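The shown structure was predicted, so the numbers you read here are calculated from the model rather than taken from an experiment.
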Amino acid sequence: MADRVRVRFAPSPTGEPHIGNIRSAIFDWLFARHNGGDFIIRIEDTDQARKVDGAVELMLESLKWLGLDWDEGPDVGGDYGPYYQSERLVHYREAARTLLAGGNAYHCFCSPERLSELRKQQQQDGSDVTGYDGKCSSLSEGEAQSRIASGETGVIRFRMPDEGATVGHDTIHGTVSFENRLTDDFVIIKSDGFPTYHLASVVDDHLMEISHVTRAIEWLSSLPRHLQLYKALDWDPPEFAHLPLVLATDRTKLAKRHGATSVLEFREMGMLPSAMLNYLTLLGWSLDDKTEIFSSEELIEHFSLERVSKSDAVFDIEKLNWMNGVHIRDSSPDDLANALSSYWNQYPAAEFLSPPDRDFALKVIPLVHARMKTLTDAAPLLPFFFQDKIEYDSEQLVQKGMDLDGTRVVLNAASEGLTTLDPFDTDSIENMLRPLAKDLDVKVGQLLGALRIATTGLKVSPPIFETIEALGREQTVKSIQDAIDRL
RNA sequence: GGCGCGUUCGUCUAGCGGCCUAGGACGCCACCCUUUCAAGGUGGAGAUCACGGGUUCGAAUCCCGUACGCGCUACCA
């Protein structure tokens, strides 16, 4: 087997793509791309009962949004397909036959009732050995076949060694060792003919020539099973890396009740895919003691499994918000305009009559660029662009330390100045207005404050010179005249 | 119960025996900048490195134990 790096992301289609799963996918992808290897998606749908329609599509859409691409998978196919485990049953049966023939597996006809009775008994006894007791272990294959022929159904179990220890290696955790006597003869083929995760993943990882298996930490306890399976099948095991979990603030597993848990929800919240990728990667991985803003190219360049942390991490939306703001500020006006207009198109903002186009986005970016943490933050900063008549209480026009007449004078002067100003851009607006305040003997803040209310209706608005330019001469003067009328 | 994994500021983390009276970041506070708000800049509060024993001239770093958390102990993944 070539030592090409091939990693797989193997979600089971049981619901919405969870942040934790996605983070695993990100690590897989980064590792594959860093090593110039293959990134493969395989759907683990061996549990027919828990299957959810549409889950696969949602999963793929999430990955695509984040900018991950895959070389083989359910939608694109590949040389090692099919990529749905439910379509690979022949391979698992073949492996089971091999195991049966080699005496490494046996048929078991114990009823679920006996099994649960057994469990109960073991619990009562406080025995350290739990799990299946090996009752059917000595059944001969001939006997088993005749029971099957007579209509009995059962499962196939793997014969774990009773003695010694299984020692494995994990890239993140180092050497791990397990006593064999504590692991029971686990089921590899269920009575419905489907394989369990243990068999299916081992068979597929081998057949698909997966070089590195990365998966959540909860699988670490199953490592001895998998290692013994590889051994019995006479296959070389891949390298393993068990990843830490993503937790909620209360240190429990991130769940629906904690708020947003799927990437698509974060897209709706106005997160940039690059920020999401950056943040999720840093949740469990670090380069050094200071670098934390990475582009996806930089992540690929630096990522390594060795630097993944051993302990679970709490998902902190505050830090994500900050990081998203950084990515927004790092975006070019062009890229941001694309992001904003398509965001507004997909998730219409209440402030706008209809989704603004890209030109509008480009025009207002100077006003909002440094003021956003998420894409949702832009629209509330800009409602005045879509109001026929700017909305505000007229007494707000009168700034602190000013009176009605003074305000009128100031507004009139500004209106006149703006009517003839040429060119009508931020610099000349500023160069006209500042001296004007001085001439009128009012504070700059008083003049601009009055103009701010008149043109935007907001006490807190984007910078006023830029705003006036974006609004344009006509609308600005109209709003100021309207303000004078309302005084 | 047994087994496995984990444990550094509230949070994400750096640290792989002396550079640590523990560094960075988010958040928080203050100040500066300033047309409001942001952004930016500067500074501050915040961790007896879970606890207890060792080893060593020297330990956040190595070893042992304890506690706590999580996982496995399914014909779920």
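Pair assignment for B:G27 gives none, since no Watson-Crick or G-U wobble pairing has each distance under 3.5 Å. As the counterpart of B:U35, no nucleotide is assigned, since no Watson-Crick or G-U wobble pattern has both distances under 3.5 Å. With both pairing distances under 3.5 Å, B:C5 is matched to B:G69 as a Watson-Crick or G-U wobble pair. Base pairing of B:C49 is not made with any nucleotide, judged by Watson-Crick or G-U wobble geometry with both donor-acceptor distances under 3.5 Å. Summarising the base pairing, B:A74 is matched to no nucleotide, lacking a Watson-Crick or G-U wobble pair whose two defining distances lie under 3.5 Å. Across all strands shown, nothing is found opposite B:U21 as a Watson-Crick or G-U wobble partner with both distances under 3.5 Å. Base pairing of B:C16: no nucleotide in any strand meets the Watson-Crick or G-U wobble criterion (both distances under 3.5 Å). With a cut-off of 3.5 Å on both Watson-Crick or G-U wobble distances, the partner of B:U56 is given as none.
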Practice task
Classify every nucleotide of nucleotides 29-36 of chain B by which part a protein heavy atom approaches to under 4.0 Å, writing B for the base, S for the sugar-phosphate alone and - for neither, in 5'-to-3' order.
Solution key: ------BB
Fill in the blank from the handout: Protein heavy-atom contacts under 4.0 Å, written 5' to 3' over nucleotides 70-77 of chain B as B (base), S (sugar-phosphate only) or - (none), form the string -BSSSBBB
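Note: A:Phe240 and A:Trp219 fail the aromatic proximity criterion, with ring centroids not under 6.0 Å apart. Here A:Tyr279 and A:Trp322 keep their ring centres 6.0 angstrom or further from each other.
Across all strands shown, A:Ser177 has heavy atoms under 4.0 Å from sugar-phosphate atoms exclusively, and none from any base. Residue-level contact check: A:Arg307 touches the backbone only, with heavy atoms under 4.0 Å from sugar-phosphate atoms and none from bases.
In this structure, the CG atom of A:Leu220 is 11 Å from the C1' atom of B:C3, given to the nearest Å. Rounded to whole angstrom, the span from the CZ atom of A:Phe240 across to the C1' atom of B:G4 amounts to 16 Å. For the pair A:Asp289 CG and B:C9 C1', the computed distance is 16 Å after rounding to whole Å. Separating the CZ atom of A:Arg23 from the P atom of B:C12 is a distance of 12 Å, rounded to the nearest angstrom. Taking atom CG of A:Leu381 as the reference point, atom P of B:C37 lies 13 Å away to the nearest angstrom. In this structure, A:Leu282 places its CG atom 8 Å from C1' of B:U13, rounding to the nearest Å. At whole-Å resolution of the value, CG in A:Asp128 and C1' in B:G4 are 14 Å apart. For the pair A:Leu320 CG and B:U11 P, the computed distance is 18 Å after rounding to whole Å.
For A:His173 and A:Glu292, each mapped to the nucleotide of RNA chain B holding its nearest heavy atom, the one lying further toward the 5' end belongs to A:His173.
Figure legend: cation-pi geometry between A:Arg147 and A:Phe109, with NZ or CZ positioned under 6.0 Å from the six-membered ring centre and within 45° of its axis. A cation-pi geometry, defined here as NZ or CZ lying under 6.0 Å from the six-membered ring centre and within 45° of its normal, does not hold between A:Arg42 and A:Phe9.
Proximity of a side-chain donor or acceptor of A:Glu416 to a complementary backbone N or O of A:Ala413 within less than 3.5 Å is not detected. Of the possible polar contacts, one joining the A:Lys310 side chain to the A:Ile172 backbone as a donor-acceptor pair under 3.5 Å is found. Looking only at distances, no side-chain donor or acceptor of A:Asp170 sits under 3.5 Å from a matching main-chain atom of A:Glu239.
Rounded to a whole angstrom, the distance from the P atom of B:A38 to that of B:G24 is 25 Å. When the P atom is used for both B:U13 and B:U7, the distance is 11 Å, rounded to whole Å. To the nearest whole angstrom, the two C1' atoms, one in B:U21 and one in B:C32, are 30 Å apart. B:G43 and B:C57 have their C1' atoms separated by 39 Å, given to the nearest Å. As rounded to the nearest Å, B:C49 and B:C9 have C1' atoms that lie 10 Å from one another. A gap of 13 Å separates the P atoms of B:G6 and B:C64, to the nearest Å. For the C1' atoms, the distance from B:C62 to B:A77 is 38 Å, rounded to whole Å. For the P atoms, the distance linking B:C28 with B:U66 amounts to 42 Å, nearest Å.
Scanning atom types as modelled, one donor and one acceptor separated by under 3.5 angstrom connect the side chain of A:Lys319 and the base of B:A25.
Heavy atoms only, all atoms of each residue included: A:Cys108 and A:Arg157 are closest at SG-NE, 3.3 Å.
Between the side chains of A:His18 and A:Thr261, no donor-acceptor pair of N or O atoms lies under 3.5 Å. In the model, A:Thr291 has a side-chain atom that pairs as donor or acceptor with a side-chain atom of A:Asp288 under 3.5 Å. Between the side chains of A:Ser415 and A:Asn412, no donor N or O sits under 3.5 Å from an acceptor N or O.
Using bins of under 30°, 30° to 60° and over 60° for the plane-to-plane angle, the ring pair A:Phe186/A:His198 lands in the perpendicular bin.
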